[in-house]
Q: 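Before I ask anything, here is the structure I am working with.
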Amino acid sequence: MSKDWPLWEVFIRAKGGLDHKHAGSVHAPDGEMAVNHARDVYTRRMEGVSIWVVKSTDIVSSDPDAAGQMFEPAKDKIYRHPTFYELPDEVKHM
Amino acid sequence: MRQDPIMQSALRLGDDALILGQRLSEWCGHAPTIEVDLSLANLGLDLIGQAMHFLGLAGDIEGQGRDADTLAFFRTDLDFTNCLLVEQPNGDFAQTMTRQWLYSTYQQLLFEAMAGVEDARFAEVADKALKEVRYHAELSADWVIRLGDGTDVSHQKMVDALGWLWRFVPELFQMDELDSLAVEAGVGVDKAALRPAYDAAINAVFEEAKLTRPDDQRTLTGGRHGHHSEHLGHLLATMQHIPRSHPDARW
Amino acid sequence: MYTTELDKSRPVDLQTGEPKDLVDAFEARVAADEFIEPKDWMPEAYRKTLIRQISQHAHSEIIGMYPEGNWITRAPSLQRKAILLAKVQDEGGHGLYLYCAAETLGASRDEMVDALHSGKAKYSTIFNYPTLTWADIGAIGWLVDGAAIMNQVPLQRTSYGPYARAMVRVCKEESFHQRQGYSIMLALAEGTDAQRRMAQDALNRWWWPSLMMFGPPDDASPNTERSMRWRIKRETNDELRQKFVDATVPQAELLGLSIPDPDLTWNETRGAYDFGDIDWSEFYAVVKGEGMCAKERITARKKAWDDGAWVREAADAYEAKKQARNVA
């Protein structure tokens, strides 16, 4: 069976001032070609002004089974959000 | 009939783009990976777009009511003014990429110079197309380097591709009377003067690709005056047969 | 371009011995319209069914490049040529997105491609029909893409996150495909006698295969119930087919073309069109590989992949050399 190139994850900045956002993936032999491929695949309709690529195997992710311990402790810290605080009506903007 | 150098300049630019675009479109669905398929289609789309601009301009300058489509589909082989390089068959991927690199590197230098000509109609199209052409030159050089310095097989295929296509390079830089008149008219570029910069760009890639620059060969030429290889007739037959079968139709 | 016809094969067996609490939690999440992501626990049958569905969808996009690709070099105007090249290129892109979505489930693209080339994996049978005239390009965009969109729009809410996201991108890009097809048909319908003749002929040949694209009737569609529960299919074959007919008949009338179905009538009580019986024997024959172009399509695909092997190897070799130089 003939081999395919490694997989790369593609992140695109839609316009200046925005974050790079995951757009999809491409196969490519190296980083430079991965950028070319990402350009040719994911920005054909003016979707971006900047591209990042990273080898899929280089991504380290959190374990979904550990999602509880990872993310739920933040749930009861509602005092971190501005809506937690009641203000007198006289104070219009704060 | 005496030819208008301004109209002919637009025609030559349009024909190069049209024929190379048509060749690239033949790859659609047949490339080594899907990513490369999309890359080749992008190159083709850019070139067909350029062809529409330049042929449209040629028709406007001529002022006889011929538009880009009429010029593309209702002229015969003898009327086509593209260089011989762009009509050469796709062959394998090495041949296609070599052809692209040899042409796009030239086209980049040409458009960089043309973006500064007096006639805004030419300068503006060149300036817009330049962004496309720079990417074409870079992408094809990336491929020439990878194939040249890849495996023994790919290296040999590059040597074979260059061995044939190299003989069509000098035609790109030839200046005839029409070209000189176009320079005087503020639409054309002294192509012969681009050769040193071309050689510098090409040689740098040769070195990185571990390829030896081929010895100069007997130049094949004639495209600018309608004398082509046999390949062009077949390309045109395919491209033109529907509009010519229905000359009154609109599509 | 793709529809639900592909669930014609046998369903993947449910794995026994999967932990009940995990299965229940999974079913509850899916029922609540939550998205399942690659690293989440999922039943093996869900994973396998999805790999099959998504890869078949991807294969269909890639094989689907050929019938229309057949006309790129012959498109009758420069504008039409550019549009068609961009459109066929889009289909390639859609195949690419979908292969990537399937890869998140642990299938590699070369394995999937291999399954296609060996005939183990199926693709949409519609692409085994030939494109005989320029009007076929119009008819494919109008009818085949139209049928595909009917199916693909609901798949944007499918339960598997990467599939849903791929479908969002696909649908966004496909929105021009059907219009460009209809625009070709409009130009032909308003054109010369010869053009009108080819338009009607294309409609005659593509109408029934387009209806078949929605797959066998619901009572003969083995996967439907479970796939609906798992949100990897969101409407049944017959529902989608009816929607398509109802939307398309008035468009044909506007073109002044007639639908090749003597039984087609408006049913006032149902508020929908009744239409004639579909020749399912033809459908199953084409599924079995008896379509006019079945052999050419797969041969072209295999040839592209095989001819490209030395290119892929060369680029890998170059990268390996570069890495070695960096280490040294």
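Sequence lines set the chain letters: A, B, ... in the order given, protein chains first and strands last, and positions in each chain run from 1.
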Q: Applying a criterion of heavy atom separation less than 4.5 Å, what residues of residues 25-46 of chain C form contacts with chain A?
A: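 Hits under 4.5 Å: C/Lys39, C/Asp40.
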
Q: Does atom NZ (A/Lys77) have a neighbourhood of more than 12 heavy atoms from anything else shown, all under 6.0 Å?
A: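 Correct, the count exceeds 12.
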
Q: Do A/Met33 and C/Tyr318 make a side-chain contact, defined as non-hydrogen atoms from C-beta onward lying under 4.5 Å apart?
A: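 Of all side-chain heavy-atom pairs linking C/Tyr318 with A/Met33, none is under 4.5 Å.
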
Q: Check whether C/Glu103 gets within reach of chain A through its side chain, its backbone, both or neither, counting any heavy atom under 4.5 Å.
A: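 Only the side chain of C/Glu103 comes within 4.5 Å of chain A.
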
Q: For a quick test of reading the model, state the closest non-hydrogen atom pair linking C/Val311 to A/Trp5 and the distance between them.
A: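 Residues C/Val311 and A/Trp5, closest heavy atoms: O-CZ2, 4.3 Å.
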
Q: Check each atom of A/Ser61 against the heavy atoms of chain C and say whether the ones under 4.5 Å are side chain, backbone, both or neither.
A: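 It is the side chain, since no backbone atom gets that close.
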
Q: Does A/Asp19, at its CG atom, have more than 12 non-hydrogen atoms belonging to other residues, nucleotides or ligands within less than 6.0 Å?
A: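 At most 12 heavy atoms, drawn from other residues, nucleotides or ligands, come within 6.0 Å of this atom.
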
Q: Side-chain contact, heavy-atom cut-off 4.5 Å: C/Leu96 with A/Ser25?
A: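 No, every pair of side-chain atoms sits at 4.5 Å or beyond.
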
Q: Mind checking whether A/Val26 and C/Tyr97 have side chains closer than 4.5 Å, heavy atoms only?
A: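 No - every pair of side-chain heavy atoms lies 4.5 Å or more apart.
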
Q: Could you check whether atom CZ of C/Arg325 has more than 12 heavy atoms from other residues, nucleotides or ligands sitting under 6.0 Å from it?
A: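 Buried by this count: over 12 neighbours within 6.0 Å.
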
Q: Counting heavy atoms not belonging to C/Glu18, are there more than 12 under 6.0 Å from its CD?
A: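 Yes.
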
Q: Highest number of heavy-atom pairs under 4.5 Å with chain A: which of C/Ala101, C/Pro162, C/Cys100?
A: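 Maximum pair count with chain A is reached by C/Cys100.
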
Q: Before accepting this row, confirm whether a basic side-chain N of the pair C/Asp110/A/Lys3 lies closer than 4.0 Å to the acidic partner's carboxylate O.
A: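 Salt bridge between C/Asp110 and A/Lys3, a charged N being under 4.0 Å from a carboxylate O: no.
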
Q: Should we count NZ of C/Lys302 as having more than 12 external heavy atoms under 6.0 Å?
A: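 Not more than 12 within 6.0 Å, no.
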
Q: Evaluate the side-chain proximity of A/Arg44 to C/Asp90: yes if any heavy-atom separation is below 4.5 Å, no if none is.
A: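 Yes; the side chains approach each other to less than 4.5 Å.
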
Q: Less than 4.5 Å to any heavy atom of chain A: does that hold for the side chain of C/Arg165, its backbone, both, or neither?
A: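 Neither the backbone nor the side chain of C/Arg165 comes within 4.5 Å of chain A.
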
Q: Does any heavy atom of chain C fall under 4.5 Å from the side chain of A/Ala23, the backbone, both, or neither of them?
A: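 It is both, since atoms from each part get that close.
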
Q: Side-chain contact test, heavy atoms from C-beta onward, threshold under 4.5 Å: evaluate it for C/Tyr99 versus A/His27 and give yes or no.
A: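 Counting from C-beta outward, C/Tyr99 and A/His27 never come under 4.5 Å.
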
Q: Is the number of heavy atoms from other residues, nucleotides or ligands within 6.0 Å of CZ (C/Arg229) greater than 12?
A: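 Buried by this count: over 12 neighbours within 6.0 Å.
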
Q: Between chain C and each of A/Asp30, A/Asp65, A/Asp40, count heavy-atom pairs under 4.5 Å; write down the option with the most.
A: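 Ranked by contacts with chain C, first place is A/Asp30.
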
